[in-house]
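For this chain, numbers begin at 1 and follow the sequence in order.
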Amino acid sequence: MLRRRLGPCPWPASSRPLSRLAPPAPAAVLRVDSNNVARLGAPKPGPKPRQLLSLPPFPAGPDPLAGRKVAPRRVTAVSWVKHCFDDVPQEVVQAHFNKRQVFAECSEQEVSGERIRSQKHLLKKIKHHEVMEPGMRIHLPVSVAEAEIKKRYETIPSASLHPNRDEIEYLKRLVIYKDSAILVLNKPPKVPMKGHLPVHNSMDVLAAAALKYGNEEGPKLVHRLDRDTSGLMLMGRTRESYTRLHWLFTSIKLAKTASQTWNTACESYLQRYWALVIGAPKESEGVIYAPLTKVLLDDGKAERVILAHPSGIDGAQEAITQYRVMGPTINGCSWIELRPLTGRKHQLRVHCAEALGTPIVGDYKYGWFVHQRWKQNPQPDFEPFTGEPYKLRRPEGLEVQKGSVLSKVPLLHLHCREMVVPNIAKFLSNRGEWHDNGTPWSKEKPNLLRFLAPMPAHMKISWNVMSSYLV
């Protein structure tokens with residue numbers, strides 16, 4: 001059999017028909033990612049080099065921040081960045097520090113953008129509270145000055161916006177006390193306290209817009225609660241009341257004045273929380289002296305509060321909490337009363353989980369492994385008086401709601417139940433003047449104010465299930 005030798009194709013390459021001898025180039029490329037999943041298409045491009053913006057060197061001299069009435073003793077990194085970007089909202093600048101996107105190099109030499117991208121060891125991440133030194137330079141992403149960031153920030157509810165009628169009515173139902181100086185609200189769970197770039201409808205911006213009650217400025221937060229924590233929340237309606245109450249929540253010594261009446265009222269200040277914990281503390285009551293410190297996780301994107309080392313070399317903060325067990329252990333859980341004597345972030349949650357060894361029900365950040373053992377191996381219960389085995393039963397007619405102790409995934413059971421604060425409206429006039437013995441028209445008013453907040457729905461169900469044996 002004769003075989004004809006194929007010669008060159010007479011047609012141009014562009015119009016050549018398809019054949020088995022010269023198949024067309026593949027239109028797609030098969031790539032396999034790190035999870036062993038095959039995908040069509042070219043490999044994804046790598047991360048682009050971050051564009052950094054260099055601020056001028058920090059000047060030396062007695063007045064580094066020109067234009068201020070009083071020269072500060074020391075200038076922090078966040079103050080210097082806000083001074084350089086006075087037209088950028090302060091929350092945007094603070095967000096870059098929180099995300100660990102601000103760098104510094106302490107050399108006085110001029111550093112170009114190409115050198116910064118090629119030699120990363122010249123830069124180090126800094127925090128907002130670090131003190132500036134002469135010649136120190138700060139580098140941060142150009143996004144802090146871009147218009148897209150400003151537009152994105154303006155879409156978040158602020159005090160200049162007007163909430164709708166339903167939001168105003170909802171917030172007003174949360175108010176349990178109001179006078180000329182303060183507002184007291186019963187915060188529901190799952191509502192953030194402080195708003196920033198990714199958070200919408202936080203308590204501070206909504207209350208500032210909907211709870212002005214005729215004032216030029218809205219109320220400001222005196223203290224904070226966690227997003228999932230419920231209970232009493234105090235807000236100052238004037239600048240003077242907010243400042244003095246903020247001092248009180250920080251330290252009683254800062255809030256004291258020459259007035260003996262006011263100082264006595266400050267010493268009576270307290271907060272009481274109710275919490276449902278897994279297990280039971282060894283002692284029925286006591287005081288927890290356990291300093292706390294923060295550690296950064298996931299390259300600074302997340303943080304966690306832990307018990308500090310006794311040496312105190314890791315930036316420990318003093319944290320003191322009083323506790324009291326309110327009843328026996330039922331279904332492996334106990335109700336306890338907590339009174340924080342210091343105000344640290346996640347103080348009650350960490351003290352319960354790590355100091356007492358009884359994490360709060362619904363606190364999956366500090367008690368995840370204990371929750372797993374609690375759900376997989378339920379502990380037997382015993383009658384508190386007879387000692388006989390007891391099986392927990394839901395009372396008849398009790399409404400079942402997601403988030404209670406009967407739920408598979410319960411919500412956080414931490415509630416600010418009681419608060420006693422000085423009656424600051426008695427000492428402040430309408431013009432903001434301070435009276436040591438109280439204003440002339442309010443001498444008959446009490447020196448202290450006491451508030452109680454009902455528990456949210458999911459904690460009410462857990463309380464009703466276990467309250468028959470509380471003592």
Side-chain angles (χ1 to χ4, degrees), residues 186-191 225-233 271-286 288 305 321-340 346-384 390-395 398-419 452-471:
N186 185 11
K187 173 189 172 299
K190 293 294 182 181
V191 178
L225 299 176
D226 294 340
R227 178 190 181 97
D228 298 328
T229 305
S230 60
L232 294 169
M233 183 181 66
Q271 282 182 292
R272 283 197 177 97
Y273 289 75
W274 284 1
L276 182 63
V277 298
I278 301 176
K282 296 181 179 179
E283 302 293 337
S284 59
E285 60 181 4
I288 305 172
V305 181
T321 304
Q322 292 181 354
Y323 74 93
R324 180 179 69 90
V325 180
M326 301 170 60
T329 302
I330 301 176
N331 195 29
C333 301
S334 305
W335 284 99
I336 64 174
E337 181 184 83
L338 302 167
R339 181 187 173 187
H346 296 176
Q347 173 179 327
L348 301 181
R349 297 167 60 181
V350 176
H351 277 181
C352 288
E354 299 189 14
L356 296 179
T358 56
I360 301 176
V361 173
D363 188 3
Y364 306 103
K365 183 172 185 177
Y366 298 103
W368 172 254
F369 296 102
V370 179
H371 275 80
Q372 287 183 322
R373 293 198 301 267
W374 173 51
K375 287 295 183 180
Q376 295 174 359
N377 303 316
Q379 300 179 4
D381 303 311
F382 300 93
E383 292 280 0
Y390 168 76
K391 184 178 180 180
L392 181 66
R393 295 183 177 89
R394 187 176 73 248
L398 180 64
E399 179 186 4
V400 178
Q401 182 173 337
K402 181 180 178 181
S404 67
V405 71
L406 302 176
S407 174
K408 294 183 179 180
V409 185
L411 297 178
L412 183 67
H413 283 58
L414 181 60
H415 177 72
C416 184
R417 168 68 176 175
E418 181 183 1
M419 183 184 296
L452 293 175
M455 292 185 295
H458 70 280
M459 291 186 67
K460 285 182 181 179
I461 296 176
S462 303
W463 179 270
N464 291 335
V465 168
M466 308 172 64
S467 61
S468 57
Y469 295 105
L470 293 177
V471 293

Inset, instruction - Hey, can you tell me if Trp463 and Trp335 have their rings parallel, tilted or perpendicular (30° and 60° cut-offs)? - result: perpendicular
Legend entry - Donor-acceptor contact below 3.5 Å, side chain Asn464 vs main chain Lys460: yes
Legend entry - Check: Thr329/Ser334 side-chain N/O donor and acceptor closer than 3.5 Å: yes
Inset, instruction - Quick one: list whatever passes salt bridge (Lys or Arg N to Asp or Glu O under 4.0 Å) with Glu337, sequence neighbours left out. - result: Arg272, Arg324
Legend entry - Counterpart residues, side chain to side chain donor-acceptor pair (under 3.5 Å), relative to Asn186 (two or more places apart): none
Inset, instruction - Check whether any side-chain heavy atom of Gln271 lies under 4.5 Å from a side-chain heavy atom of Glu418, and answer yes or no. - result: no
Legend entry - Of all pairs that satisfy salt bridge (Lys or Arg N to Asp or Glu O under 4.0 Å), the ones with a partner from residues 350-360, not counting sequence neighbours: none
Inset, instruction - Taking the side chain as every heavy atom from C-beta outward, state whether Val409 and Tyr364 have any atom pair closer than 4.5 Å. - result: yes
Legend entry - Ser284 OG to Ile336 CD1 distance, which is reported to the nearest 0.5 Å: 12.0 Å
Legend entry - Any side-chain heavy-atom pair of Ser462 and Ser404 under 4.5 Å: yes
Inset, instruction - For Pro189, check side-chain contact (heavy atoms from CB on, under 4.5 Å) against everything at least two apart and list the hits. - result: Ser230, Pro456, His458
Inset, instruction - Please name all residues satisfying side chain to side chain donor-acceptor pair (under 3.5 Å) with Thr321, sequence neighbours left out, ordered by chain then number. - result: Gln347, His351
Inset, instruction - Would you mind reporting whether Pro410 and Val405 have side-chain heavy atoms less than 4.5 Å apart? - result: no
Legend entry - With sequence neighbours excluded, residues passing side-chain contact (heavy atoms from CB on, under 4.5 Å) with Thr229: Leu225, Asp226, Tyr273, Leu412, Leu414
Legend entry - Side chains of Pro359 and Val277 in contact at under 4.5 Å (non-hydrogen atoms): no
Legend entry - His413 backbone acceptor or donor facing His415 side chain under 3.5 Å: no
Inset, instruction - Check whether any side-chain heavy atom of Met326 sits under 4.5 Å from a side-chain heavy atom of Trp274, and report yes or no. - result: yes
Inset, instruction - Check for a donor-acceptor pair, side chain of His371 on one end and backbone N or O of Gly362 on the other, with a separation under 3.5 Å. - result: yes
Legend entry - pair Ile278-Val361: side-chain heavy atoms closer than 4.5 Å: yes
Inset, instruction - Evaluate the side-chain proximity of Leu411 to Lys190: yes if any heavy-atom separation is below 4.5 Å, no if none is. - result: yes
Inset, instruction - Answer yes or no: is there a donor N or O on one side and an acceptor on the other, between the side chain of Arg417 and the main chain of Ala453, under 3.5 Å? - result: yes
Legend entry - His346-Tyr366 side chain donor-acceptor pair, cut-off 3.5 Å: yes
